[in-house]
Engineer: 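First, the structure itself, so that you have it in front of you.
In what follows, chains carry the letters A, B, and so on, assigned in the order in which the sequence lines appear, proteins first and then strands, with residues in each chain numbered from 1.
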Protein chains: 2
Amino acid sequence: MTNISKEDYLSVIFKHKDQNEEIKATVIAEMMNISGAAVTDMLKKLSKEGDVKYEKYKGIKLTKKGENYARNMVRRHRIWEVFLHDIIGVPWEKVHDEAHRLEHSASDELIDRMEEMLNFPEYDPHGDPIPAKNGMIPKLRKHVPLSCMKPDSVCSVVRVNDFHKEFLNYISGIGIKLNEKIVVEEVRNFDKSLRINVNGSSFDVSQKLADNVFVEIVTI
Amino acid sequence: MTNISKEDYLSVIFKHKDQNEEIKATVIAEMMNISGAAVTDMLKKLSKEGDVKYEKYKGIKLTKKGENYARNMVRRHRIWEVFLHDIIGVPWEKVHDEAHRLEHSASDELIDRMEEMLNFPEYDPHGDPIPAKNGMIPKLRKHVPLSCMKPDSVCSVVRVNDFHKEFLNYISGIGIKLNEKIVVEEVRNFDKSLRINVNGSSFDVSQKLADNVFVEIVTI
DNA sequence: GGCTAAAGTTAAGCGTGCTTAAATATAATG
DNA sequence: CATTATATTTAAGCACGCTTAACTTTAGCC
Ligand SMILES: [Mn+2]
Ligand SMILES: [Mn+2]
Ligand SMILES: [Mn+2]
Ligand SMILES: [Mn+2]
């Protein structure tokens, strides 16, 4: 088993844990753009190596060992993202893909050195928490999808999903960024689309877009 | 054919060209720590893709296409080395290995951005020239292996071979670095070992060590 | 509970980049 | 030039991470 492949599987499983139900093989297959058969195959190997607890037709769960490995990969990824964004100036919508390749190549010492240069950041450029060397994961402010907000409410951006370039490019184009205030002016029942106001300008956005922006409620 | 593998083969072939005779399959195998059979195999594929001109039992030569690809890989490698060394502070003896992994993962745009941050460096931390975006390769000062120097001569370090960590660690320990002055105090005929003076201290070094340090002659 | 749709697994096979062992071509030497 | 040593290529096979197609289990629904 190659490290890159293993690391990608473990990261996907670990990141799903945020949502707190056991991940399904189908979801892994979708996230990684591979067949279900490939997932079954790999789960057997990960299980044999002791990174995943897996019994066929039953659930998929990281072992302590696998969880540690995965958490470190997520750490590596997010430190790269901050480094690329803050030090090298890579645009917001490009850091994820670039980091996704670099995360497998740097030594842990290099990652630690970068973290130090960045002054031990707690969140990546999309608002995701960065696991510390000791395993601690910073807490996120209480947040909900923008799509849940009611008309005439006000909120502030806490986190955005980082895996779709076009989405990131679009929202940054209309002024949405971390900690930006959003006023919800209108919510249409028939398609759940919203009219929002960002920094003085109004925009109409789909429910799908609003599903991927997570906000802290300021005024209900 | 995976990119990483292809890129490593092309880099090895390209770097050998510095020494200006056609590379032998055996040399590729040694440099990459693989069997001769594997090299034959890959040469066929590289030939089919038009990166290498190859006829069995005859020579191995990069095509224009292959040379461009390879030169860019060497560029990527060396820019990483400077970046790791100068910006992140990775120690001299570790930059090569780290860069060797990172060189396959960053986008060309990221490389260009790093190059800009570094103010378009001409040489990497070991004195090797960095090919520019347009393909130009900076000239090196005229240099010879330290092992060729005569007793009582003085020279200055232009370049060192970067592929052996222990060697780099050792020479940096005795004060050898780029542009450092070396006084050759004595050369022993029976084993070609040298007594050299670096920054006021004297050391005995083997011919093998001196073969890997390249110097500009200051005083014969 | 029985039936069906969805999820998951197995089987067979493919391309890649290696390996070792055997065969063959080239180079070096007397 | 003949012989031997070395370099290179071929052949067969292996581990990996995938694929599609067929099969099995589980979950959802009446
Ligand atoms: Mn990311
Ligand atoms: Mn992120
Ligand atoms: Mn190097
Ligand atoms: Mn170098």
Engineer: Run the side-chain contact (heavy atoms from CB on, under 4.5 Å) check on R76(A) and D108(A) step by step: do they pass?
Structural biologist: CA-CA 8 Å; R76(A) 296 163 66 87; D108(A) 274 338; 2.6 Å; yes

Engineer: Between the side chains of R141(B) and E216(B), is the shortest nitrogen-to-carboxylate-oxygen separation below 4.0 Å, so that they form an ion pair?
Structural biologist: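 Yes, charged N to carboxylate O under 4.0 Å.
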
Engineer: Out of dT19(C), dT26(C), dT19(D), which has the shortest distance to the side chain of A38(A)?
Structural biologist: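 Looking only at heavy atoms from C-beta outward on A38(A), the closest nucleotide is dT19(D).
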
Engineer: Does dT9(C) have its OP1 or OP2 closer than 4.0 Å to a side-chain nitrogen or oxygen of Y54(A)?
Structural biologist: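 It does, given that an N or O in the side chain of Y54(A) lies less than 4.0 Å from OP1 or OP2 of dT9(C).
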
Engineer: What is the distance, to the nearest angstrom, from the NZ atom on K48(B) to the P atom on dG15(C)?
Structural biologist: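 Distance, rounded to whole Å: 11 Å.
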
Engineer: Could you work out which one of dC18(C), dG8(C), dT9(D) sits closest to the side chain of T26(A)?
Structural biologist: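 Of the candidates, dG8(C) comes closest.
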
Engineer: Take atom CG of D8(B) and atom C1' of dG17(C), then tell me their distance rounded to the nearest Å.
Structural biologist: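 Atom CG in D8(B) sits about 12 Å away from atom C1' in dG17(C).
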
Engineer: If I take atom CG in residue D41(B) and atom C1' in nucleotide dT10(D), what distance separates them, rounded to the nearest angstrom?
Structural biologist: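 Spelled out: CG on D41(B) to C1' on dT10(D) is 9 Å.
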
Engineer: Identify which nucleotide among dA21(C), dT10(C), dT8(D) has an atom closest to any side-chain atom of K24(B), counting heavy atoms from C-beta outward.
Structural biologist: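 Given the options dA21(C), dT10(C), dT8(D), the side chain of K24(B) is closest to dT8(D).
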
Engineer: Expressed in angstrom and rounded to an integer, what is the separation of I60(B) atom CD1 from dT9(D) atom C1'?
Structural biologist: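 Distance, rounded to whole Å: 12 Å.
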
Engineer: Contact class for S35(A) vs. all strands (heavy atom < 4.0 Å): base, sugar-phosphate, or nothing?
Structural biologist: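 Counting heavy atoms under 4.0 Å across all strands, the contact made by S35(A) includes a base.
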
Engineer: Checking contacts here: which listed nucleotide (dT26(C), dT20(C), dC18(C)) is nearest the side-chain heavy atoms of Y57(B)?
Structural biologist: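 Closest nucleotide among those given: dT26(C).
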
Engineer: Do K64(A) and D51(A) meet the salt-bridge criterion of a basic N to acidic O distance under 4.0 Å?
Structural biologist: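 Salt bridge absent between D51(A) and K64(A).
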
Engineer: dG17(D) P sits how many Å from K6(A) NZ, rounded?
Structural biologist: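 My rounded result for the distance is 11 Å.
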
Engineer: Nearest to the A37(A) side chain among dG17(D), dA21(D), dT10(D), which nucleotide is it?
Structural biologist: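 So the nucleotide nearest the side chain must be dA21(D).
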
Engineer: What's A25(A) touching, base or sugar-phosphate or nothing? Going by heavy atoms closer than 4.0 Å.
Structural biologist: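 Contact class for A25(A): sugar-phosphate only.
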
Engineer: I'd like to know if K24(B) pairs up with E22(B) as an ion pair, taking the criterion as any Lys NZ or Arg NE/NH1/NH2 lying under 4.0 Å from an Asp or Glu carboxylate oxygen.
Structural biologist: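 Looking at K24(B) and E22(B), the cut-off is not met.
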
Engineer: Nearest whole Å is fine: how far is dT26(C) P from E55(B) CD?
Structural biologist: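 The distance from CD of E55(B) to P of dT26(C) comes to 12 Å, rounded to the nearest Å.
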
Engineer: Closer than 4.0 angstrom, basic N to acidic O: yes or no for E109(B) and R113(B)?
Structural biologist: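 No.
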
Engineer: Between K56(A) and dT10(C), is there a contact of a side-chain N or O with OP1 or OP2 at under 4.0 Å?
Structural biologist: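 So the side chain of K56(A) is within the cut-off, an N or O lying under 4.0 Å from OP1 or OP2 of dT10(C).
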
Engineer: For T2(B) and for K44(A), find the nucleotide of DNA chain C with the closest heavy atom, then tell me which residue's nucleotide is more 5'.
Structural biologist: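 By nearest-heavy-atom nucleotide position, the 5'-most residue is K44(A).
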
Engineer: Using a cut-off of less than 4.0 Å, is there contact between a side-chain N or O of K45(B) and OP1 or OP2 of dG17(C)?
Structural biologist: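 True: K45(B) side-chain N/O within range (under 4.0 Å) of dG17(C) OP1/OP2.
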
Engineer: What is the distance, to the nearest angstrom, from the CG atom on L46(A) to the P atom on dC18(D)?
Structural biologist: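 Roughly 11 Å, once rounded to whole Å.
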
Engineer: Could you check whether K58(A) gets within reach of a base, just the sugar-phosphate, or nothing at all, counting any heavy atom under 4.0 Å?
Structural biologist: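 Sugar-phosphate, no base atom in range.
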
Engineer: Whether Y9(A) contacts dC18(D) is assessed here as follows: a side-chain N or O lying under 4.0 Å from the phosphate OP1 or OP2. Is that the case?
Structural biologist: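 It does, given that an N or O in the side chain of Y9(A) lies less than 4.0 Å from OP1 or OP2 of dC18(D).
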
Engineer: Whole angstroms only, please: what is the CE-P distance between M42(A) and dC16(D)?
Structural biologist: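 Atom CE in M42(A) sits about 9 Å away from atom P in dC16(D).
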
Engineer: What does S5(B) touch in the nucleic acid at a heavy-atom separation under 4.0 angstrom: a base, only the sugar-phosphate, or nothing?
Structural biologist: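 Touches sugar-phosphate only.
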
Engineer: So, E49(B) and K65(B), do they make that salt bridge, N to O below 4.0 Å?
Structural biologist: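 The answer is no: the pair does not qualify as a salt bridge.
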
